[in-house]
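First the structure, in the form of structure tokens, and then the observations on it.
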Amino acid sequence: MSKTPSSRPLVTFDGVSKRYGSVTAVHTMNLEIYEGEFLAIMGPSGCGKTTSLRMLAGLEEPSEGEIRLDGQRINEISSIERDTPMVWQSLALFPFLNVQKNVEFGLKMRSIPAEERQQRARTWLERMEILELADRDISQLSGGQKQRVALARSLVTEPRILLLDEPLSALDANLVVRMQGVLSRLQKELGITFVYVTHSQSEAFAMSDRVVIMSQGQIDQIGSPKAIYRSPASRFVADFVGANNILSGSVIGTGTELSLNTAVGEFRCQANGYEAFSTGDTLDMVISADLVQISMEDPGTQNSLHCRFISEEFVGSIVTIFAELEDGSDFKVQARQRDLASMSLEEGVAFFASWSATDTHLISRGQD
Amino acid sequence: MSTKPSKNILLRGYVVLVFIFVFTPILTSFVFSVNSDRFPTIPLGHFTTHWYETIFADPDVWDAFRISGIVSITVAILATFIGFCTAYTDYRYNFTGKALYLSLALLPPTIPLVIMGLAMLALLARINMSGEIYSIVVSHVVLCSPFAMAVIRMRLAQIDPNLESAAWNLGASNWRAMREVIVPFCLPAIASAFCLTAAVSFDEFAVAWFVSGLNKTVPVIILEILQGNTDPQINAIGSIVFITSMTLVVLAQLILMRKTINQTTTGI
Amino acid sequence: MARTQNSPSDPVTKQRRQVTLYGLTWSMPIVIWQLIFFVFPLIFLFLISFWLVKNYRMVPGFDTINWVKMFSKGYFWDAYWRTLGYAGVATVVTSILAFPCAFALAFKVSPKVRRWALFFLIVPFFTSYLVRAYSWQIFLNDNGIFNTLFALIGLGPFQLLNNFFGTLVGYLTLCLPLVVVLQLTSLANVDRTLIEAAHNLGCGRLRTVFQVIIPLAKIGIILGAVFTFILSFGDFVSPYYLGGSKPPTLSILIIDTTKSGQQWPRAAVVAIVMILTLLTIMFASVAAAYRKRA
């Protein structure tokens, strides 16, 4: 199965809204989900991502708009009749059934004869590498094993789409990475659509073909992980995704590059689409923390900033440095640990942060 | 997730039916306690306070209320104390044989009252202790302490387990921590358990019937009237018993609820 | 009794393993009280089942005659099976009638309504059972309210009192609210995502009730059934005042044997048999309730 999704939408959200009393959880959502793609829906809690997924599963009914599966309106079709299996955050395994019976459940509901049922369940248990657990009770399983049972239970009916609602959030970090691998591989092998709701950027970006960023019931941006990472469409996305620095300012000169005046100095910028702005426009300049170099001397030639070191955080070989600018705002720099070895950074030490004029991204303030 | 509304209406109608079944006999008793007919049926006769006048003119009934009052208050004090001790033991300690200990504490309500009455009377008669007010009291404490324990245990389940340790840590002895921390925390449940056990004792007729002898409680009087002919006096006494019990139960509920509301509004 | 603290993680409490005066003060009252006034009377009851009655007075002794006599009497066995049957029917009927009500209160009403319903279901527990039974007499007797109403539409009269129907109405009065409460408590704790998961996997609504909800609420349902069985097995008010006392149940047999016949040892035999039956049923049900899987 190729990474590029087919162009035919399997699911269409057409102006879908969901209201609970006076609260709008999802606001006129338009979204096409393609056959065979791994789509992540990501956003802070309460952004409407889970509600969208539940509407797709038929567990909530849209207040407005239409959801189509394969071109057919499914608003009125109950969850029971839809073939949109879901994996819950809590996994929702039946505690009174053993592993095998849990996996067989969906087949039993489809009146598949017992023998075939058992056969198919065992095939899936084997595929998930948990065949030896078939007779265990759910309470005897580890977190990762439960995860595999839940996947097998949802996939055993061979659906065209699988919905996942933060399924990895209960696992510890090591297991999350392993299960991400399992999910990615599974999705590629099966070639079916996965819709994956999460608040975790690393999960969303590691597995998905496309990412949907939501906030306050609305879609902020849809795009490939890379597009979202490098070209956030709004200040919210820039803040929410990755480790971005945002400098607000106004344009004071145009030409082969923009000149931008901010509270902490003047900067040059040649980001994609910079030609569209003219003098006097106010905008946000996004500088990804991993595209910033640091030095103890002023590099002079590039955009550079005077910072004061506050603290650092290590994740593997990557260091994130938290610094303060002259006006008191925060600035982040990500670098490899060995590149910093020669520097003696400690609290209060001043250094320079610099970046290339092309390594920036511009967001018009109007887009906020 | 919406079921057909017709199905929901059917279910709700059924719930109403169940409540009608449960409350019909209770309300009927009130209605016929002020109805003039000797043999109650419909259509109703006229309003009368005759049956209340009859029972209040009867010294036996006054006596019964006095005895019931003494019994239920004494029982409530003892049962609440024992229930508290047991609940605290269950909350605080683990020991071998705890399952046995708890069965001993909680088993009495599963033994049929007739058998309890029979066994109590057999024993008490043998040691010349039957037919006295305290004969009723000791048997009722056996029956009521499990209820008191359950109510107080539920309250103890909400206690922050570090609260007692914190008190010890601050230098309080076990006894001091009990007085300063545990008892104040359980006070609403203790009051509630007191009312509930008083109500249970006030209503209990089978064991009381066996062991009371001449010291009849109110329910025993009712039982004896019931064995005779139909007599609307029962409704009058029953209504008074109901109001007494309900006052106690509502009181218990209010004490518990006010405490919970206070905590949810002032807490966090 | 070796004591350990409830919170083993707490270093302060860990050292206090020995028996203390403090611990004894709280643990002993119930032991002492229940041993003297609960266990001992029951043991005594067992003992007098071997005593003899001479000139209307009990004489201590050891004679199995009471057991032999009772077990050889047809009326005893009739009463035994009848009581067992009554209690069994009451258990099934009450559980089935309670379930839709508990289900509706658990899933179809707001939490506020549920709290009020719970309160009103506890109320009858504190009203006189005797008075309620008497009220049913007013409704059920041959000239009672129901038959008067039936007569208006040209039906009846039906015999509603002094038969098993009357007894069953009494058992329901005694047990139904309690069973609804127990079932409701269990149902309200059912994890809603499991119900959604069942729907999501294609399990129809009614089927979900049987395949998912009932297994999840098993403990409350069994507990309710056990309580109904215990209460109706031992109750004498319903079979006596609503069922007409004849033919007798075991509890009526006990009352008749003691109050009129002074045959205490034989009543003790009946009582012991009843207790053993109840204990057997209870242990079997608890085992069933907490067994891992069906």
Side-chain angles (χ1 to χ4, degrees), chain B residues 3 8 11-12 14-15 18-19 21-22 25-26 28-29 32 40-42 82 85-86 88-89 91-97 104-105 108 110-115 118-120 122-123 138-139 141-142 145 161 165 168-169 174-175 199 203 205 219 222-223 226 234 238 241-242 245-246 249 253, chain C residues 1-4 6-7 10 12-13 22-23 26-27 29-31 33-34 37-38 40-42 44-45 48 100-101 104-105 108 119-120 123-124 126-128 130-132 134-136 138 143-145 148 173 176-177 180 205 230 233-234 236 241 251 254-255 258 264 267 271 274-275 278 282:
Chain B
T3 21
N8 279 343
L11 263 177
R12 273 167 208 214
Y14 183 78
V15 172
V18 167
F19 276 85
F21 175 82
V22 169
I26 297 169
T28 312
S29 165
F32 285 105
T41 184
I42 50 169
I82 294 176
C85 295
T86 317
Y88 179 72
T89 306
Y91 159 76
R92 165 94 188 259
Y93 296 107
N94 262 325
F95 45 88
T96 37
L104 184 67
T110 65
I111 301 295
L113 294 170
V114 176
I115 297 177
L118 178 71
M120 286 308 287
L123 179 69
V138 292
S139 338
V141 171
V142 169
S145 47
S165 318
W168 298 331
N169 198 255
N174 263 328
W175 297 100
D203 260 349
F205 56 89
I222 297 178
L223 190 67
L226 203 54
I234 284 189
V241 174
F242 174 72
S245 303
M246 274 324 294
V249 175
Q253 184 78 6
Chain C
M1 266 185 275
R3 278 159 208 283
T4 54
N6 224 352
S7 43
D10 193 329
V12 183
T13 57
Y22 181 78
W26 306 111
S27 56
I30 189 107
V31 175
W33 197 280
Q34 303 294 51
F37 298 112
F38 176 59
F40 188 57
L42 290 178
F44 186 68
L45 195 67
I48 62 172
C101 180
L105 291 174
K108 305 287 177 192
F119 174 73
F120 279 110
V123 166
F126 296 98
T127 66
S128 172
L130 288 169
V131 174
R132 282 184 286 157
Y134 172 69
S135 286
W136 281 121
I138 299 174
N143 315 309
I145 293 175
T148 312
T173 308
L176 193 62
V180 173
R205 289 182 199 288
I230 291 173
F233 190 76
F236 72 93
Y241 297 106
S251 44
I254 289 182
I255 292 169
T258 49
W264 286 67
M274 283 177 84
I275 291 175
L278 282 175
M282 261 165 53

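Per chain, numbering begins at 1; letters A, B, ... match sequence-line order.
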Handout entry: From CG (B/N174) to CH2 (C/W26), nearest 0.5 Å
Key = 10.0 Å
Completion exercise
What one should report as the nearest heavy-atom pair of B/T110 and C/L278 is O-CD1, 3.8 Å
Handout entry: Contact class of C/I254 relative to chain B, heavy atoms under 4.5 angstrom
Key = side chain
Practice task
Drop me the distance from B/I115's CD1 to C/I275's CD1, to the nearest 0.5 angstrom.
Solution key: 4.5 Å
Problem - Top contributor to chain C interface from B/I82, B/V241, B/V22 [non-hydrogen pairs under 4.5 Å] - result: B/I82
Practice task
Mind checking the CZ-CG spacing from C/F40 to B/L123? Nearest 0.5 Å is all I need.
Solution key: 5.5 Å
Problem - Region of C/Y241 in contact with chain B, defined by heavy-atom distances below 4.5 Å - result: side chain
Completion exercise
For B/V15 and C/A104 the tightest heavy-atom approach is CG2-CB, 3.5 Å
Completion exercise
The side-chain contact (heavy atoms from CB on, under 4.5 Å) partner of C/L130 among B/I234, B/D203, B/L226 is B/L226
Completion exercise
Highest number of heavy-atom pairs under 4.5 Å with chain C among B/G238, B/A122, B/S145 belongs to B/A122
Practice task
Not counting sequence neighbours, which residues clear ring-ring contact (aromatic ring centres under 6.0 Å, His included) with B/F21? List them please.
Solution key: C/W136
Practice task
Kindly indicate whether the side chain of B/Y14, heavy atoms from C-beta on, has any atom under 4.5 Å from the side chain of C/C101.
Solution key: yes
Practice task
May I ask you to name which of B/V141, B/L113, B/I222 has the most heavy-atom pairs under 4.5 Å with chain C?
Solution key: B/V141
Handout entry: N/O donor-acceptor pair under 3.5 Å between B/R12 side chain and C/K108 backbone
Key = yes
Problem - Side chain, backbone, both or neither of C/I30 within contact of chain B (heavy atoms, under 4.5 Å) - result: both
Completion exercise
One should read off an interatomic distance between B/F19 CZ and C/L176 CG, to the nearest 0.5 angstrom, of 9.5 Å
Problem - Backbone of B/F242 reached by a side-chain donor or acceptor of C/T127 within 3.5 Å - result: no
Problem - Per-residue contact mode, C/F233 against chain B (heavy atom under 4.5 angstrom) - result: neither
Exercise for the section: Could you tell me whether the side chain of B/L11 reaches within less than 4.5 Å of the side chain of C/P100, counting heavy atoms only? Expected result: yes
Handout entry: From C/S251 atom OG to B/L118 atom CG, the distance as rounded to the nearest 0.5 Å
Key = 11.5 Å
Completion exercise
Looking only at heavy atoms, the pair that brings B/R92 and C/Y22 closest together is NH1-CE2, 3.0 Å
Problem - Whether over 12 other heavy atoms sit under 6.0 Å from C/F119 CZ - result: yes
Handout entry: Side chain to side chain, C/P124 and B/I26, heavy atoms closer than 4.5 Å
Key = yes
Exercise for the section: Mind listing the closest non-hydrogen atom pair of B/P25 and C/R132 along with its distance? Expected result: CB-O, 3.7 Å
Problem - Heavy-atom pair with the smallest gap, counting every atom of B/A119 and C/P41 - result: CB-O, 3.7 Å
Exercise for the section: Any chance you could measure C/I145, atom CD1, to B/T28, atom OG1, to the nearest 0.5 Å? Expected result: 6.0 Å
Problem - Contacting moiety of C/T148, where chain B heavy atoms sit under 4.5 Å - result: side chain
Problem - For C/F38, all residues meeting ring-ring contact (aromatic ring centres under 6.0 Å, His included), sequence neighbours excluded - result: none
Handout entry: Heavy-atom proximity to chain C below 4.5 Å, by part of B/S29
Key = both
Completion exercise
Looking only at B/T86, B/I111, B/V18, the option with the highest number of non-hydrogen pairs under 4.5 Å against chain C is B/T86
